[in-house]
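Working notes, structure below.
No experiment lies behind these values; they were computed from the predicted model shown. Below, all heavy atoms of this structure are taken into account, side chains as well, without hydrogens, waters or symmetry copies.
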Amino acid sequence: MLRSSNERKLRIMKNRLIFAFVRIFTFALVVGTLGTGVVWAEPGKKTVSEIKIEVTDLLREGKYEKACELLDDMKQEEFDPQSTFLQGQCRFGMLDYSAAAFQYQLMLERNTNLPRVRTELARTLQAMGKNKSALSEYERVLSSDIPPIVRRNIQAQLKAIDEHRRWGGVFSLGYMYDSNVNAAPADPNIQAFGLPFVLDGDSTEKSDSAFLGSISFGKYFDGLFGDEWRYDVYGSFLKYASKNDFDSYSVGLSMGPNFYSNVQLYTPFGISTAWEDGHRATQSASFSPSLSRAFSRQLRASGQLSFQYYDDLRPSDESNGWSKGINGNLQYTFNSNNMFEIGLSVLNNDVNELAYNRFVSRTVSVGWHTVIGSGTRVSIQPSYTSLDYDSDDPVDMGIVRDDKRYGMNINIYRDIFVGASTFTPVLSINWTKNESNIDRRDYERKQISLQIRTQF
């Protein structure tokens, strides 16, 4: 009986030892596995593999923000190539190109022989505008052994970069009716020096028709610094049928480096000159840096500073000085056919030696751009401007000019294809109404034009 009792105790002790050994072995296995960087899911939560599958599905559905959130919540102690690649994919989808490029470069630092990753890096650099770097990465992929379909896709991207870098521009020519060429009041009865005064016929509103046209062309190219440079040459003319005093011609050149990342910076320097009534009137130099960023595939914002110096070449020689401004624009794209925008701008115009011709203007504008029918596009852009002048004109006897200007611009256009060429007829309707506390500064103006525009 005693022997049987001892044998039972020995079996219990043996079983306990075996169970303890299994527990210790299992614990060691878990610790060892965690040391390799594999994340173990907590009880009741999804495993890392399940999360990766879910992220892949979200990327296919275009739910990039949610995919990134899941990846950010994953805790890893060591580098995981698959998670890093998925991070690059979701960041690219969120238009966070810098973060996407960083993920792909992180992978290539550890293994340079990853054609798929290098292709994604090149695609990201191309989307940022860094075409020179993208071209280098695409060429490295082409030098490796890749499937024919991948090679064709890369060659298509190289063609797109080449087209982006090619020389090209826009030319337009048309005819316009102008209801108030000289921006003058309709009523000749005004106040001057505190007394009633009747304007002569040339100082009231005059209508006329005119030919008008413009041309601009430019090209991107590599420079000493910046991701790429661009130059643009532009010119325009306005030739009235009878009111030749208001004929105008202008030409100009702008050039500067551009810097690209999630935010794009453009820094053009420009020079231009203008003629009035066949005589050279002004020349100017400008610097206009601008920033733009896409926060999503629907929302884009941009802003610009402008500094422009004018030199008056007319006999009066009074319009000399600086014009300084700032403007911002916000665009929201609802779908491929509808886009809304709002803009704000402030301009400090000191381009005159006469203080009463200097002013600060503040403008707010909105716009709706849509497609109607079969490809006909319509844009409607109302605006409001407040103009505050620095001092009073002696004619106005101590009253400082204060104007409120209302505008409406409507454009209707549609592309017409003739062989390999595209022509775009554009019908424009421009309405301006200036309401001033000085009666002689009141005016209303309507401009209706039809132009044919083509790209080359």
Side-chain angles (χ1 to χ4, degrees), residues 51-73 83-105 116-131 133-134 137-138 153-154 156-161 163-164 220 227-228 230 258-266 290-304 327-344 365-372 375-381 411 413 415:
I51 292 174
K52 290 178 182 178
I53 292 172
E54 185 177 353
V55 166
T56 302
D57 292 337
L58 289 169
L59 292 175
R60 289 197 197 97
E61 297 170 8
K63 297 179 180 178
Y64 305 110
E65 292 84 355
K66 180 63 177 176
C68 280
E69 287 177 8
L70 289 177
L71 290 169
D72 291 340
D73 289 340
S83 298
T84 305
F85 184 79
L86 292 173
Q87 278 276 12
Q89 295 281 285
C90 74
R91 295 298 173 188
F92 183 92
M94 293 176 63
L95 308 185
D96 188 355
Y97 299 128
S98 296
F102 173 78
Q103 300 297 329
Y104 299 137
Q105 288 165 344
R116 170 71 191 281
V117 177
R118 194 172 297 281
T119 301
E120 292 298 319
L121 173 60
R123 188 166 74 104
T124 303
L125 294 170
Q126 184 182 357
M128 293 171 71
K130 296 179 179 291
N131 289 302
S133 299
E137 298 295 343
Y138 277 135
N153 289 337
I154 292 176
Q157 296 305 318
L158 294 177
K159 183 180 179 181
I161 292 175
E163 290 178 352
H164 169 77
Y220 290 99
D227 292 309
E228 63 183 4
R230 181 176 175 86
N258 300 327
F259 304 87
Y260 303 136
S261 184
N262 289 344
V263 177
Q264 298 184 337
L265 171 64
Y266 305 89
S290 65
L291 288 170
S292 67
R293 177 174 182 178
F295 291 94
S296 69
R297 298 185 184 277
Q298 289 77 38
L299 184 63
R300 172 175 289 275
S302 62
Q304 183 182 55
N327 67 72
N329 182 269
L330 197 65
Q331 297 180 348
Y332 188 84
T333 302
F334 292 91
N335 50 51
S336 59
N337 292 338
N338 292 281
M339 188 267 283
F340 172 80
E341 66 176 331
I342 183 169
L344 299 170
S365 62
V366 296
W368 182 266
H369 309 267
T370 187
V371 179
I372 60 174
T376 300
R377 297 184 175 272
V378 178
S379 66
I380 302 173
Q381 296 172 286
N411 289 292
Y413 54 101
D415 293 337

Quiz item: Do F85 and E120 have side chains that get closer than 4.5 Å, going by heavy atoms?
Solution: yes
Self-check item: Non-neighbouring partners of R377 that pass salt bridge (Lys or Arg N to Asp or Glu O under 4.0 Å), sequence neighbours left out
Solution: none
Quiz prompt | salt bridge (Lys or Arg N to Asp or Glu O under 4.0 Å) against R300, all qualifying residues, sequence neighbours excluded | solution = none
Exercise. List for me each residue that meets side-chain hydrogen bond (donor to acceptor under 3.5 Å, both in side chains) alongside N153, sequence neighbours excluded, and say none if there are none.
Key: none
Quiz item: Which pair of non-hydrogen atoms, one from I161 and one from A134, has the smallest distance, and what is that distance?
Solution: CD1-CB, 4.3 Å
Self-check item: Residues that S302 engages under side-chain contact (heavy atoms from CB on, under 4.5 Å), provided they are two or more places apart
Solution: S292, N329
Quiz item: In chain order, what residues pass the side-chain contact (heavy atoms from CB on, under 4.5 Å) check against S261, with sequence neighbours excluded?
Solution: S98, M128
Practice problem: Under the side-chain contact (heavy atoms from CB on, under 4.5 Å) rule, what do Q381 and E341 come out as? Steps first, then yes or no, please. | Solution: CA-CA 9 Å; Q381 296 172 286; E341 66 176 331; 3.3 Å; yes
Self-check item: Contacts of type ring-ring contact (aromatic ring centres under 6.0 Å, His included), residue Y413, not counting sequence neighbours
Solution: none
Self-check item: Residue pair A101 / T124: nearest heavy atoms and the distance that separates them
Solution: N-CG2, 4.0 Å
Quiz prompt | Nearest-0.5 Å distance, OG1 of residue T56 to CD1 of residue I51 | solution = 11.5 Å
Practice problem: With the side chain counted from C-beta on, respond yes when N262 and L95 share a heavy-atom pair under 4.5 Å apart, and no when they do not. | Solution: no
Self-check item: Partner set under side-chain contact (heavy atoms from CB on, under 4.5 Å) for E69, not counting sequence neighbours
Solution: K66
Quiz item: Do H369 and V378 come close enough that some side-chain heavy atom pair is under 4.5 Å?
Solution: no
Practice problem: Using ring-ring contact (aromatic ring centres under 6.0 Å, His included) as the criterion, list what pairs up with Y266, not counting sequence neighbours. | Solution: none
Quiz prompt | Interatomic distance, K52 atom NZ to D57 atom CG [nearest 0.5 angstrom] | solution = 14.5 Å
Quiz prompt | Residues forming a side-chain contact (heavy atoms from CB on, under 4.5 Å) with A301, sequence neighbours excluded | solution = F295, L330
Quiz prompt | salt bridge (Lys or Arg N to Asp or Glu O under 4.0 Å) involving E228 - partner list, sequence neighbours excluded | solution = R165
Quiz prompt | Residue from E137, Q87, Q89 passing side chain to side chain donor-acceptor pair (under 3.5 Å) with Y104 | solution = Q89
Quiz item: Hey, are the side chains of C90 and L59 touching, using non-hydrogen atoms and a 4.5 Å cut-off?
Solution: yes
Exercise. Could I get the full list of side-chain hydrogen bond (donor to acceptor under 3.5 Å, both in side chains) partners for Q126, not counting sequence neighbours?
Key: Y138, Q157
Self-check item: Spatial distance of atom CG (D96) from atom CD (Q103) [nearest 0.5 Å]
Solution: 9.5 Å
Exercise. Return the set of residues passing salt bridge (Lys or Arg N to Asp or Glu O under 4.0 Å) with E61 (not counting sequence neighbours), or none when no residue passes.
Key: K63
Quiz item: Below 4.5 Å, heavy atoms only, C-beta onward: do H164 and Y220 meet side chain to side chain?
Solution: yes
Practice problem: Find out whether the Lys NZ or Arg CZ of R123 is both under 6.0 angstrom from the six-membered ring centre of F92 and within 45° of the ring's axis. | Solution: yes
Quiz item: Does a sphere of radius 6.0 Å around CZ in F259 hold more than 12 heavy atoms from other residues, nucleotides or ligands, not counting ones at 6.0 Å or beyond?
Solution: yes
Quiz item: Does N337 use its side chain to pair, donor to acceptor, with the backbone of V371 at less than 3.5 Å?
Solution: no
Practice problem: Check whether any side-chain heavy atom of L70 sits under 4.5 Å from a side-chain heavy atom of E54, and report yes or no. | Solution: yes
Self-check item: Separation between CZ of R118 and CD1 of I154, rounded to the nearest 0.5 Å
Solution: 11.0 Å
Quiz item: Tell me, do L121 and Q105 make a side-chain contact under 4.5 Å, heavy atoms counted?
Solution: yes
Quiz item: Could you state the interatomic distance from CZ (F340) to CH2 (W368), rounded to the nearest 0.5 Å?
Solution: 8.0 Å
Quiz item: Passes side-chain contact (heavy atoms from CB on, under 4.5 Å), N258 versus D227? Steps please.
Solution: CA-CA 6 Å; N258 300 327; D227 292 309; 5.9 Å; no
Practice problem: Please lay out, stage by stage, how T333 and R297 fare under the test side-chain contact (heavy atoms from CB on, under 4.5 Å). | Solution: CA-CA 8 Å; T333 302; R297 298 185 184 277; over 6 Å; no
Practice problem: Measure the CD-CG distance between E65 and L58 for me, rounded to the nearest 0.5 Å. | Solution: 10.5 Å
